[in-house]
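Encoded as structure tokens, the structure appears first; notes follow it.
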Protein chains: 2
Amino acid sequence: MTQDTHVPPPRRPLTLRDVSEASGVSEMTVSRVLRNRGDVSSATRDKVLAAAKRLGYVPNKIAGALASQRVNLVAVIIPSLSNLVFPEVMDGIVSVLEDTGLQPVLGVTHYRPDREEQVLYEMLSWRPSGVIVAGLEHTGPSRAMLQSAGIPIVEIMDADGEPIDAMVGISHRRAGRMMAQAIVDAGYRRIGFMGTKMPLDHRARKRFEGFTEALAKAGMEVAGRSFYEGGSGLSKGREMTADMLNTVPDLDFLYYSSDMIAAGGLLELAERGVEIPGEIGLAGFNGLPLLNGLPRRIATMDACRREIGEAAAQIIARRAGGAPASAEDRVVMTPKLDPGETLLR
Amino acid sequence: MTQDTHVPPPRRPLTLRDVSEASGVSEMTVSRVLRNRGDVSSATRDKVLAAAKRLGYVPNKIAGALASQRVNLVAVIIPSLSNLVFPEVMDGIVSVLEDTGLQPVLGVTHYRPDREEQVLYEMLSWRPSGVIVAGLEHTGPSRAMLQSAGIPIVEIMDADGEPIDAMVGISHRRAGRMMAQAIVDAGYRRIGFMGTKMPLDHRARKRFEGFTEALAKAGMEVAGRSFYEGGSGLSKGREMTADMLNTVPDLDFLYYSSDMIAAGGLLELAERGVEIPGEIGLAGFNGLPLLNGLPRRIATMDACRREIGEAAAQIIARRAGGAPASAEDRVVMTPKLDPGETLLR
DNA sequence: GTGAAAGCGCTAACAC
DNA sequence: GTGTTAGCGCTTTCAC
């Protein structure tokens, strides 16, 4: 019937109608075949699939979504990509979503609430099946949008606060307290803190608050603190550590807001011939397995990054599949303290 | 007129019609206001904006896209998120897209061509404004889809091959050759190579091919090689280096497929008291600034990751803005060799 | 400067 | 098992 098998690249994108005409099957049935919906005889099914393949037909999900009111997109909103942590969370999200037919749309806020609001608006206008957003702090309009969106909202990475809907994270305040407690228990007394400037990084702030709070309970406070901006590399850790040691005398412990700068600190101390943890102990945050292999395993706390991404995606997938909101949708994970070899002496 | 300012959360998502009724302005004009298109008197404009805000209206891009045949999504397809390199490229992409109103949809292939094909099909069905895809190697059906999609396609991170449309990357073969040449020139003779298993990582393969090819030209070949699977952390570098040193005698240089495992190697050598580069030199790949701060700056080659992402996104943005395909859309970047402190002696 | 009609490419619902 | 009809929520086009 169709005499030429050579199909020139179409100038106009193909539609169901094209496949319908090429196969002699109604649009509706073609649609059914392509979506594996309803009963279709294997004879027509084969005809349709052959035609679709020959033409190189790719369905139009825009039209499909409009008609069916179903969208397989999931909005994922994170503060940054340059901090190692977020790609790991994304990885967890992606690994779960890819088995469900859902696709992540990515938005990056650079820790700015106004950007978050804007990104959220953009994303919600795609009527996604769900939203995964980092943090519990949002502008008023953002909260309003999330609340009235009528789709599952999962706030991740933080558990210190009331979620709008679902939540998966750790308590950073608690993480800070746990680490402080461990440091105090190990007998350290003069502690220096180094971390990012955190006007808008609420998780870092909460960790630090928890940390100082637990120290206070033990009748102590940090002997020195310094905050940096920009990338967190080893060299940043070295510089800050050098500064700290030169500025604040008699420190016996250094607490860093990330493993990467802690690793820099470790290298700096090692080069200075400081005995670790004999003279000075140290700890970071995040549990980056990447960094095992350093002269000493750094004390750290696992932030459950991948697991958080996975759990969040699972909640979205469940709800998108029709499951009702449930208590299981609020997951507070417990960060694990790993004393490594730089804390206990 | 509208007596209540309290707006209960709607059960049904709001439509233009709702805003139209609430403001007493036709749907068409509401649409114009919300898109900043055409001339609208500032009186009506204000009425409309007030109503939209009060109701919490979020436009429906699905319907908009179907009607206008314009979609602000860009498909981004990468092999993995767990390799540091890809988040960096993503970061470059995102940083450019966010100023253009385009949004990335993310697909991860895990280096599997069949996954790429599937992901591509999914993504193209959203009729995105463009595709950014890692690598030049694709299955037949993938190529066919890309070719007939009628949208800008930017293949990134590799320049050894013919792109379907646009291309931004470096020649990994050349990068391998350059490093080999530098190593030979520095007088090393017994070289060990350590890298990932690369049945499907074409860039790693090409780099290695270029490397051995240039060695061959100098009448040499690698004295030892080993390949690993799984995550690339410092400890992996240490283990592999230990194995290599124990297995292959008299090595005077170690070439690693990534900076992270090279860093592990550096730490292993340092611990063994090996003089670097006096006794053994080493080099990695990627130019991770994260790792500056190690006892020695590792010789490496910058893969221009962020720049590649930025350039790719710029091409998409230009073309989405109506610019025609041009010669500028094929960008071959030159990896910069950084000898650090572990190559020249 | 504003509005009315038509239709984007699909799928839900129902008829056969 | 297959086809027909209506309509998803916008934007395009054209009329005023």
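Here is how names work: the chains are called A, B, and so on, in the same order as the sequence lines, proteins then strands, and each is numbered from 1.
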A:Arg17 atom CZ, over 12 foreign heavy atoms within 6.0 Å: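 No.
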
Could you state the atom-to-atom distance from [atom1] of [X] to [atom2] of [N] in whole Å?
| X | N | atom1 | atom2 | answer |
| --- | --- | --- | --- | --- |
| B:Trp126 | C:dG9 | CH2 | P | 15 Å |
| A:Met28 | C:dC10 | CE | P | 12 Å |
| A:Glu27 | D:dG1 | CD | P | 22 Å |
| A:Leu14 | C:dC10 | CG | C1' | 15 Å |
| A:Arg37 | C:dA13 | CZ | C1' | 14 Å |
| A:Arg12 | C:dC8 | CZ | C1' | 13 Å |
| B:Glu21 | D:dC10 | CD | C1' | 15 Å |
| B:Arg17 | C:dA4 | CZ | C1' | 12 Å |

Sugar-phosphate only, base, or nothing, as touched by A:Asp39 at under 4.0 Å among non-hydrogen atoms: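 It contacts base atoms.
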
Touch class at under 4.0 angstrom, heavy-atom based, for A:Arg35 against every strand present: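 The residue A:Arg35 makes sugar-phosphate contact but no base contact.
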
DNA chain C: 5'-proximal contact among A:Arg70 and A:Asn60 (nearest heavy atom):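 Final value for this comparison: A:Asn60.
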
Which residue lies more 5' along DNA chain C, comparing A:Arg32 with A:Ala63 via nearest heavy atoms: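 In this pair, the answer is A:Ala63.
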
Ignoring the backbone of [X], work out which of [options] is nearest its side chain.
| X | options | answer |
| --- | --- | --- |
| B:Ser41 | D:dT2, C:dT11, C:dG1 | C:dG1 |
| B:Leu66 | D:dG9, C:dT2, D:dT4 | D:dG9 |
| B:Ala67 | D:dG3, C:dG9, C:dG7 | C:dG7 |

Any side-chain N or O of [X] below 4.0 angstrom from OP1/OP2 of [N]?
| X | N | answer |
| --- | --- | --- |
| B:Gln69 | C:dG7 | no |
| B:Thr44 | C:dT2 | yes |
| A:Thr15 | C:dG9 | no |
| A:Ser26 | D:dG3 | yes |
| B:Tyr57 | D:dC10 | yes |
| A:Thr29 | D:dG3 | yes |

Under 3.5 Å side-chain donor-acceptor pair for B:Glu98 and A:His110: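 Judged by distance alone, the side chains do pair up.
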
Minimum-distance pair of heavy atoms, taken over all atoms of A:Ala75 and A:Met123: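 So the two residues come closest at CB-SD, 3.3 Å.
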
Closest non-hydrogen atom pair between B:Gly107 and B:Val119, with its separation: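 Between these two residues, the closest heavy atoms are CA-CG1, 3.8 Å.
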
Close side-chain approach of B:Trp126 to A:Val58, heavy-atom, < 4.5 Å: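 Of all side-chain heavy-atom pairs linking A:Val58 with B:Trp126, none is under 4.5 Å.
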
Steps toward salt bridge (charged side-chain N to carboxylate O under 4.0 Å, His left out) verdict (A:Arg45, A:Asp39): CA-CA 10 Å; A:Arg45 147 171 266 97; A:Asp39 294 324; over 6 Å; no

